[in-house]
Amino acid sequence: MSLLRPSFQQFTSGFTPAVSISLPPPPSFYVSVSRRSFAYCCSSQSETAVVNGRFDGRINERDEIRLGLPSKGRMAADTLDLLKDCQLSVKQVNPRQYVAQIPQLPNIEVWFQRPKDIVRKLLSGDLDLGIMGLDTVSEYGQGDDDLIIVHDALEYGDCHLSLAIPKYGIFENINSLKELAQMPQWTADRPLRVATGFTYLGPKFMNENGLKNVVFSTADGALEAAPAMGIADAILDLVSSGTTLRENNLKEIEGGVVLESQAVLVASRKALIQRKGALDTTHEILERFEAHLRAVGQFTVTANMRGRSAEEVAERVLSQPSLSGLQGPTVSPVFCKRDGKVAADYYAIVICVPKKALYKSVQQLRAIGGSGVLISPLTYIFDEETPRWRELLSKLGL
């Protein structure tokens, strides 16, 4: 065992130093390293500790709230697009820097990290909030109670974690997980070999489904090549369109989907409860996400319609199946001046219509006397209170 003085990145990423150099530790801080664990110890003035790589005790003292975002790839780009659409644009002074700001949320500090490191740093207390795929949370969070999924459907990064086997050879007529488990080839001496990067979710899934005589291994590069190379019988990997599987003569099987995944917003339970401003900031982010996502693909349709009263016009509108809107049509009088007198012969109808029903709604409005139809896209739809916020408070016991 040696005493090492770690850099910040080494400490927060699991502390795996490339070179072991013995240094005299500072009096108030040291890291002891063995093959299996490390411990972070401070002077008596500190209120935090990490034991065996895990956060323990009260949250570390800092004023800012830290949000972890993916640093590279499609997930990173889509996350920045979502925040921009919610008027929460991320400002980065230098694209090579890993720290940024969101001007609309001055108490937020953005940290760009690998998705799996976001999960680890949520658990260690170095981050308070994070956005990543549900598959990453499930694999690296391993069901830890401190991780709370604040929003489970940010509507991008869609994929699923699935078991895939070859289309040929002994697997040609195997089309389900049950059939795979019943194959006589798998024994204690010759188990089913599965190549995967999901070494927590994979064994957990097999155990839950009663599959025995299974061994998992990791493979460098594309997993799809493992069966053809003879180093695995099956693979467990993320699937989006399935094209890569088909091009490598692999197939998914019935019952072989481990997890449906997409981007999610995750928070540290301790941070939400203990860190000043964290819960309020999370509430604002959640409301912005909910309002924007609910408005995606929705349009406001406004039309004028002649009628004797607002009730009579509303009855005609509600007789059409595509014109009910979110809670019903808004009907208001349209005033005009006739023979020197103000009269209301027309009424304005305002409804919210999904994109797929837009043209059909216009046709139905015309059929009942609607004219001057105006259409505009919606940006946000704010509810009185988002159900996910109530669920979050319930999870926190508040």
Problem set entry | With sequence neighbours excluded, residues passing side-chain contact (heavy atoms from CB on, under 4.5 Å) with S241 | T243
For this session: Starting at OG1 of T386, measure out to CZ of R294 and round the result to the nearest 0.5 Å.
Result: 9.5 Å
Exercise. What is the distance from atom CD1 of I285 to atom CD1 of I131, rounded to the nearest 0.5 Å?
Worked result: 7.5 Å
Exercise. So, the side chain of T196 versus the backbone of L236: is there a donor-acceptor pair under 3.5 Å, distance only?
Worked result: yes
Exercise. Which of these passes side chain to side chain contact (heavy atoms under 4.5 Å, CB included) with L245: L250, D237, I165?
Worked result: L250
Exercise. Would you say the side chains of E224 and T244 form a donor-acceptor pair under 3.5 Å?
Worked result: no
Exercise. How would you list, by chain and number, every residue that makes a side-chain contact (heavy atoms from CB on, under 4.5 Å) with Y359, sequence neighbours excluded?
Worked result: Q363
Problem set entry | Selection residues 251-284 - residue pairs positive for ring-ring contact (aromatic ring centres under 6.0 Å, His included), sequence neighbours left out | H283-W389
Problem set entry | H160 (side chain) donor-acceptor with S162 (main chain) under 3.5 angstrom | no
For this session: Ignoring hydrogens and angles, tell me if any N or O in the side chain of Q262 forms a donor-acceptor pair with the backbone of E155 under 3.5 Å.
Result: yes
Problem set entry | Heavy-atom donor-acceptor pair, T281 side chain to G277 backbone, under 3.5 Å | yes
Problem set entry | Option among K276, R62, K270 that satisfies the salt bridge (charged side-chain N to carboxylate O under 4.0 Å, His left out) test with D128 | R62
Seminar exercise, completed: Heavy-atom nearest pair, M75 first then G157, reads CE-CA, 4.3 Å
Exercise. L374: what forms a side-chain contact (heavy atoms from CB on, under 4.5 Å) with it, not counting sequence neighbours?
Worked result: T302
Seminar exercise, completed: Interatomic distance, NZ@K116 vs CG@D135, rounded to 0.5 Å, equals 12.5 Å
For this session: State which residues pass side-chain contact (heavy atoms from CB on, under 4.5 Å) with K84; sequence neighbours excluded, sorted by chain then number.
Result: S89
Problem set entry | Sequence neighbours excluded, every pair satisfying salt bridge (Lys or Arg N to Asp or Glu O under 4.0 Å) that has a member inside residues 249-269 | D145-R269
Exercise. Who pairs with D345 by salt bridge (Lys or Arg N to Asp or Glu O under 4.0 Å), at least two apart in sequence or on another chain?
Worked result: R338
Problem set entry | Shared-cluster residues of V331, by chain and number - hydrophobic side chains joined below 4.5 Å | F299, V301, M305, V313, V317, L323, Y347, I349, I351, V353, L358, V362, L365, I368, V373, I375
Exercise. Between S268 and D146, do the side chains contain an N or O donor and an N or O acceptor separated by less than 3.5 Å?
Worked result: yes
Seminar exercise, completed: Hits for side-chain hydrogen bond (donor to acceptor under 3.5 Å, both in side chains) against E287, two or more places apart or cross-chain, chain-then-number order -> none
Seminar exercise, completed: In short, salt bridge (Lys or Arg N to Asp or Glu O under 4.0 Å) pairs touching residues 356-382 with sequence neighbours left out are none
Exercise. Does any N or O in the side chain of D383 come within less than 3.5 Å of the main-chain N or O of E385, such that one atom is a donor and the other an acceptor?
Worked result: no
Problem set entry | Side chain Q92, main chain Q97, donor-acceptor under 3.5 Å | yes
Problem set entry | side-chain hydrogen bond (donor to acceptor under 3.5 Å, both in side chains) partners of E109, counting only residues at least two apart | R66, W111
For this session: Please determine, by modelled atom types, if S138 and Y200 share a side-chain donor-acceptor pair under 3.5 angstrom.
Result: no
Exercise. For the residue pair F171 and W186, does the interplanar ring angle fall in the parallel (under 30°), tilted (30 to 60°) or perpendicular (over 60°) class?
Worked result: parallel
For this session: Show which residues join V257 in its hydrophobic cluster (side-chain heavy-atom contacts under 4.5 Å, direct or indirect), or state none.
Result: none
Problem set entry | Side-chain donor or acceptor of D233 paired with backbone N/O of R193 under 3.5 Å | yes
